[in-house]
Chemist: 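Would you mind keeping the following structure in view while I ask a few things?
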Amino acid sequence: MESAKITPMQWFCLIFLFELGSSIVVGLGLEAKQDAWIAILLAMIGGLILYGVFGSLHRHYPDLTLTGYIRCILGNILGWPLGLVYIVYFIYIGSRVLRDISTLLTTAWLDRTPLVVIHMMLILSMAYILYHGPKVLAKTNQIYFYVYVFSLLLSIALIVASGLIRLDFLLPVGEDWGLILSTAYPMVYTFPFGETIVFTMMLPYLKNPRSGLKIGWLAIIISGLFISLLSAIDISVTGAHIASRSPFPLMSTMTKVNIKDFIQRVDMLTIMILVIGGFFKIVIFYFAAVLGTADLFRIKDRGRLLLPIGIIFVFLAMMISSSLSEHLKQGLEIVPRYLHLPLQTGIPLLLLGVSWIKRRMGRSQHPRP
Amino acid sequence: MRFFHRSKRGRQASEMERSGDIPLNDDLESNIKQLKKELGYSPDLVVRSFDLGKNSDFRVAVVYMEGIVDEKVLNQWVMKTLMIDSGEFDQKISKEEALELIKKSALSVGNVESHRSWNQMIDALLNGQAIVLGEGWSEAISGDTTGGETKPITEPQSQTVVRGPKDSFTETLQTNLGLIRRRLKTPNLWVENTNCGKISRTKVSMVYIKGLANEELLNTVRKRLEKIEIDGILESGYIEEFIQDKAWTPFPTVFSTERPDIVSGNLLEGRVAILVDNTPFALVVPTTFFQFFQSVEDYYQRFDIATFTRLIRYFSYLVSLVTPAIYIALTSFHPEMIPTPLLIKLIGQRKEIPFPALVEALAMEFSFEVIREAGVRAPRVLSGAVTIVGAIVLGETVVRAGLATPSMVIVVAITAIASFASASFPISISARLIRFLLMLLGAFFGLFGILLAMILLIAHMNTLYSFGTPYLAPFAPLIVNDQKDTLIRVPIWALYRRPKSIHPVQDTKVPEGKRHLTKRRKGRRPR
C-alpha cells in the first residue's frame with residue numbers, strides 16, 4: 001500500500017458525509033410515518049453491528065481490501081468473480097446516487113441542462129480528486145465536512161426560527177411497532193448504514209487502525225442521530241403524509257422557511273447539502289470501484305482506470321431508470337431486498353464465518369492471492 | 001582564455017586548472033595587464049600603482065571597481081594607510097615581510113583576505129573589495145570596502161500598517177540581514193550564503209534560527225537552492241519559481257514580504273527565510289494558504305480587534321472570488337432566489353442592456369483589470385489621467401449609455417475593493433484569475449457550477465504542499481493547536497506553542513514550568 005494515509009479525524013468525516021450524503025435529502029424511513037426517526041435509530045444499531053463485522057474482518061487481514069481477502073478466504077475461483085460482483089455493485093450504487101443528485105438538480109435548478117452533462121461534470125471533478133490519491137480525497141472531504149455541518153446546522157436553525165415545527169405531527173409515538181421494524185429492516189438498515197461496506201475497500205489506508213476503527217463507530221452513531229433528527233424535522237414541518245409522498249422531503253421543508261418575508265428561498269442550502277453530500281458519497285464508491293478493479297486485474301497505475309470507470313458511471317446513471325418514479329421505486333423497494341441484503345450482510349457474515357472456521361482448523365496462514 | 005599562463009606554474013596549478021581556474025602570476029605588470037584584459041579594459045576598473053614606503057623598492061597596486069566600493073573607506077583606510085601612514089615600510093624589508101605586514105596590520109578595514117587564484121580574486125573585486133597586488137607576490141590581498149550608493153531604509157510600500165515598525169527591506173543584502181539581526185539578538189540566528197546565477201553570481205542567504213527550524217526543512221531548502229541552474233537572478237521571484245513545490249497553480253506556495261518584522265516573526269516560529277541580494281523582498285518557507293491573510297498588525301493590535309479584521313480579510317477574499325459569478329448565476333439561472341422587489345429592480349435595469357449577463361460581466365471585469373494594470377504601469381504623471389478615464393468614462397458613462405447596468409458596476413466595484421483588502425498581494429492576484437473561471441462556470445451551470453468549482457478549488461489546494469507542509473494545513477489535516485492563530489487570533493500569552501504544521505524543533509515558546517507566568521491572573525490589579 002502507498003504511504004498515503006487517512007487520519008482518524010478524516011475517517012470520521014468520510015463516514016459522516018457518506019452516511020448523510022443523499023439519505024437526508026431523499027428522506028428515510030418515511031414508510032413508518034411519524035415514527036420514521038425511531039426506525040432510523042433502530043436501523044443504526046444494525047449498522048453498528050455490521051461495521052463491527054467489517055472491522056473484525058479487517059483485523060484479520062489488515063493489509064487487504066475487501067476484494068483481496070475475499071480471495072484469501074474463499075479461494076481464487078470463488079473469490080475473484082465475487083470481487084467482480086462487488087465492483088459492479090459499487091458502480092451501481094454510486095450511479096444511483098449520481099442519478100439522485102442530477103435529478104434533484106434538474107428539478108430544482110437546471111431544468112434545461114441534460115443529465116449527461118451534469119453527470120460528466122461531477123465525474124470529471126471526482127476523477128481529478130481521485131487522480132491525486134486518497135490523501136487529497138480525505139483532506140478535501142474534511143474541509144467540506146465543516147461546510148456541510150455548518151449548512152446543516154444553519155438549515156435547522158432557520159427551520160426552527162421560522163416556527164415551522166409542529167411537534168404534534170410526531171404523535172403518537174410508536175404507533176405500529178411492526179411497521180417501524182419492517183421499515184428499519186431491511187430498508188433503512190441497508191441504505192445508508194449497510195453501505196459502509198464500501199469502506200472495507202479503504203480500511204488499509206487508515207493511519208491508525210485501532211483508533212480509526214473506533215472513531216468509525218462514533219461517526220455512525222452521530223450521523224444516525226443527525227439523520228433521525230432531520231427526518232423528525234421533515235415530518236414535524238410537513239406532516240408524515242406529505243413528507244412520504246414528496247421525492248425530496250428536505251427540499252419541501254426548506255422551501256417553507258420564511259422569516260419576516262426577508263429570509264426566504266433558502267433551498268439553495270438544501271441543494272448545497274445534497275451536492276456536497278452526494279459528491280463525497282459517489283467519490284467513495286468511485287474510488288472503491290477503481291481500487292477493486294486495480295486489485296482484481298493487477299493494474300499498477302490506478303490513474304488509467306479513472307476515466308473508463310468514470311464513463312461507466314456517467315452512462316449507467318443515465319440508463320438506470322427511465323423516470324424519477326421508476327428510479328425511486330427501484331431504490332426503495334427492489335434494491336434493498338435483492339441487492340443490498342445479500343451483498344452487504346450475507347457475504348460479509350459468510351466471510352467472517354468461513355475465516356473463523358478456517359482459523360479454528362488451523363489452516364489460516366493468510367495465503368496471498 | 002587564460003591558456004598562456006599555463007607554462008609558468010606547471011603542475012602545481014593542475015588542480016586549479018581542472019576547475020577552470022589558474023593561480024596568480026608573481027609579476028605585477030603582467031597581473032595588471034591580464035586583469036585589464038579580462039575585464040575588457042573597462043573604464044570603471046581603477047588601478048593605482050605606487051611605491052610602498054620611502055624606499056621605493058617595490059611597487060604595489062590597489063585595484064578596485066568604481067561605483068561599488070565605498071570611496072570614503074577606500075581613501076581613508078586603504079590608500080592613505082598604504083601610501084602615507086605606514087611607517088614600517090620606511091625600513092628596508094623584504095617582499096614577503098611586506099606582504100605579511102599588509103595582511104596583518106597595514107590594511108585597517110574589517111575584513112582582509114588573501115587570494116591565490118584568479119577567480120577568487122575577480123569575485124572579490126566584483127563584490128566591491130579593494131585588491132592589493134605587489135611586485136613579486138603570487139597572492140593578492142583584498143580588503144572589504146564594499147559600499148557605493150544604496151537606497152536608504154524606507155517605509156514599506158506593499159504591506160503597510162497603522163501600528164507597528166515602519167522600516168522595510170532595501171536592495172542591499174547586508175542591510176536586510178542587519179534589520180533582522182537587530183530584532184533577534186541571538187547567536188542562534190544563523191545565515192548560510194550561496195551564490196546563485198552563473199553570470200550574475202547573486203548572493204542568496206538562507207536565514208534561520210538554529211534549534212527552532214526543522215533540520216529536514218533546512219536540508220530541503222539547501223538542496224533546492226543548490227539545484228538552481230540559471231544565468232542570472234534579478235529578483236527573489238526567480239528563486240521562488242525554482243524552489244516552489246508545484247508550478248501549475250495560481251496559488252503562491254512561497255511567502256514573500258518586504259517587512260523585517262514579519263520575517264523575524266516567522267523565524268521565531270521555526271520557518272526559514274531566504275534573502276536575495278538586490279531584492280527588497282524576502283522569501284519565507286514553508287507557508288500555508290492562511291498565512292497570506294495574516295497581517296503583521298494582527299499581532300500589534302488587541303486580539304479581539306485583530307480577530308475581527310482577520311475575518312474581514314477572509315470574507316473579502318471570498319467576496320472578490322465569487323461575487324460576479326454569483327451575480328451572473330442568480331440573474332441568468334435562479335431569478336426565483338432573489339427577493340421579488342429586488343428582482344423587479346434588476347429586471348428593469350437589465351431590460352435596457354443589449355448583452356447577456358455574462359458578456360456584460362466579462363466586459364466590465366476585463367476593463368477593470370485593464371484600468372488596474374494601467375494604474376500600476378503608467379508613469380506617475382499619467383496616473384491622474386488613468387483615474388479620470390477609469391472612474392468617469394467607464395463608471396459613469398457606460399451606465400448612462402445603457403451598455404451596463406448600475407448593479408453590474410456595483411458588483412465590479414465590490415469585487416475590486418474586496419480584492420484590495422487582502423493582507424498579501426500574491427493571494428489577491430490568484431483570485432483575479434480564478435474569478436474569470438468561476439464566472440464562466442456560473443454562466444453555464446449556475447450555482448451548481450460554482451459549487452462544483454469550489455469543491456475542485458479546495459481539492460486543488462489540497463494537492464499543494466509548501467516544503468512538506470500541506471497548503472490548507474490547520475484545517476486539512478486538522479491541527480487543533482494551530483487553530484489559535486488561523487481564522488482567529490487568541491491573546492499573545494495564550495499562543496505559547498509554535499505552529500505544529502511546520503514541525504519546529506522546540507514546540508513551546510515558553511519553558512514548561514514558566515507558562516503560568518505568561519497568563520494574566522484574574523482579579524490582580526497593580527496597586
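The basis for the numbers below is simple: all heavy atoms, side chains too, and nothing from hydrogens, waters or symmetry mates. Just so we're on the same page: letters track the sequence lines, and every chain starts at 1.
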Chemist: Of the non-hydrogen atoms in A/Val136 and B/Ala459, which two are nearest, and what is the gap between them?
Modeler: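 A/Val136 and B/Ala459 have their closest heavy atoms at CG1-O, 3.6 Å.
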
Chemist: Kindly determine whether B/Phe448 and A/Leu122 satisfy side chain to side chain contact (heavy atoms under 4.5 Å, CB included), including the steps that lead there.
Modeler: CA-CA 10 Å; B/Phe448 167 67; A/Leu122 283 163; 3.8 Å; yes

Chemist: How many angstroms lie between NE2 in B/His334 and CD1 in A/Ile271, if you round to the nearest 0.5 Å?
Modeler: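 Rounded to the nearest 0.5 Å, the NE2-CD1 separation comes to 8.0 Å.
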
Chemist: Within the supplied structure, the quantity of interest is the number of heavy atoms (other residues, nucleotides, ligands) at a distance under 6.0 Å from B/Glu336 CD; does it exceed 12?
Modeler: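 Yes, enclosed.
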
Chemist: To the closest 0.5 Å, what do you measure between CZ (B/Phe445) and OG1 (A/Thr113)?
Modeler: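 One finds 7.0 Å between CZ of B/Phe445 and OG1 of A/Thr113.
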
Chemist: Treating A/Lys139 as the side-chain partner and B/Asn462 as the backbone partner, does any N or O pair qualify as donor plus acceptor under 3.5 Å?
Modeler: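 Between the backbone of B/Asn462 and the side chain of A/Lys139 there is a qualifying donor-acceptor contact (under 3.5 Å).
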
Chemist: Could you walk me through whether B/Phe444 and A/Met121 pass the side chain to side chain contact (heavy atoms under 4.5 Å, CB included) test, one step at a time?
Modeler: CA-CA 12 Å; B/Phe444 290 128; A/Met121 293 205 28; over 6 Å; no

Chemist: Where do B/Leu478 and A/Tyr146 land on the side chain to side chain contact (heavy atoms under 4.5 Å, CB included) test, with the steps shown first?
Modeler: CA-CA 11 Å; B/Leu478 182 73; A/Tyr146 313 132; 3.3 Å; yes

Chemist: Can you tell me how far the CD1 atom of A/Ile143 sits from the CE atom of B/Met454, to the nearest 0.5 Å?
Modeler: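 So the CD1 of A/Ile143 and the CE of B/Met454 are separated by 11.0 Å.
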
Chemist: Heavy-atom pairs under 4.5 Å with chain A: which of B/Leu452, B/Thr340, B/Leu451, B/Ile455 has the most?
Modeler: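 Answer, by heavy-atom pair count under 4.5 Å with chain A: B/Ile455.
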
Chemist: If you round to the nearest 0.5 Å, how far is CD1 of A/Ile129 from NE2 of B/His460?
Modeler: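 If we round to the nearest 0.5 Å, B/His460:NE2 and A/Ile129:CD1 are 12.5 Å apart.
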
Chemist: Tell me, side chain or backbone of B/Leu441 under 4.5 Å from chain A's heavy atoms, or both, or neither?
Modeler: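 B/Leu441 touches chain A through side-chain heavy atoms alone.
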
Chemist: Take a 6.0 Å sphere around NZ of B/Lys246 and say whether it holds more than 12 heavy atoms from other residues, nucleotides or ligands.
Modeler: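 Atom NZ in B/Lys246 is crowded, with more than 12 foreign heavy atoms closer than 6.0 Å.
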
Chemist: Does B/Glu241 CD have over 12 foreign heavy atoms under 6.0 Å away?
Modeler: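 Count not over threshold, so no.
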
Chemist: Can you say whether B/Ile338 sits under 4.5 Å from chain A via the side chain, the backbone, both, or neither, judging by heavy atoms?
Modeler: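 It is neither, since no heavy atom gets under 4.5 Å.
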
Chemist: Do the non-hydrogen side-chain atoms of B/Met337 and A/Trp109 ever get within less than 4.5 Å of each other?
Modeler: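 Of all side-chain heavy-atom pairs linking A/Trp109 with B/Met337, at least one is under 4.5 Å.
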
Chemist: Contact part of A/Met268 toward chain B, heavy-atom cut-off under 4.5 Å: side chain, backbone, both or neither?
Modeler: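 A/Met268 touches chain B through backbone and side-chain heavy atoms alike.
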
Chemist: Of the backbone (N, CA, C, O) and the side chain (C-beta and beyond), which part of A/Val117 lies under 4.5 Å from a heavy atom of chain B, both, or neither?
Modeler: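 Interface part for A/Val117: side chain.
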
Chemist: Check this for me: B/Arg222, atom CZ, are more than 12 non-hydrogen atoms of other residues, nucleotides or ligands nearer than 6.0 Å?
Modeler: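 Yes, CZ of B/Arg222 has more than 12 neighbouring heavy atoms, counting only those of other groups under 6.0 Å.
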
Chemist: Please look at A/Phe145 and chain B and tell me whether the side chain, the backbone, both or neither of the residue comes under 4.5 angstrom of a heavy atom of that chain.
Modeler: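 No part of A/Phe145 comes within 4.5 Å of chain B.
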
Chemist: May I ask you to check whether over 12 heavy atoms, not counting those of B/Lys484, lie within 6.0 Å of atom NZ?
Modeler: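 Yes, because the 6.0 Å sphere around NZ of B/Lys484 holds more than 12 heavy atoms from other groups.
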
Chemist: Dump the intermediate steps for side chain to side chain contact (heavy atoms under 4.5 Å, CB included) on B/Phe475 and A/Gln142, then the final yes or no.
Modeler: CA-CA 8 Å; B/Phe475 286 101; A/Gln142 196 175 12; over 6 Å; no

Chemist: Roughly how far, to the nearest 0.5 Å, is the CD1 atom of B/Ile458 from the OH atom of A/Tyr144?
Modeler: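 Interatomic distance, A/Tyr144 OH to B/Ile458 CD1, rounded to 0.5 Å: 4.5 Å.
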
Chemist: Answer with side chain, backbone, both or neither: which region of B/Met461 has an atom nearer than 4.5 Å to a non-hydrogen atom of chain A?
Modeler: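 Neither part; nothing is under 4.5 Å.
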
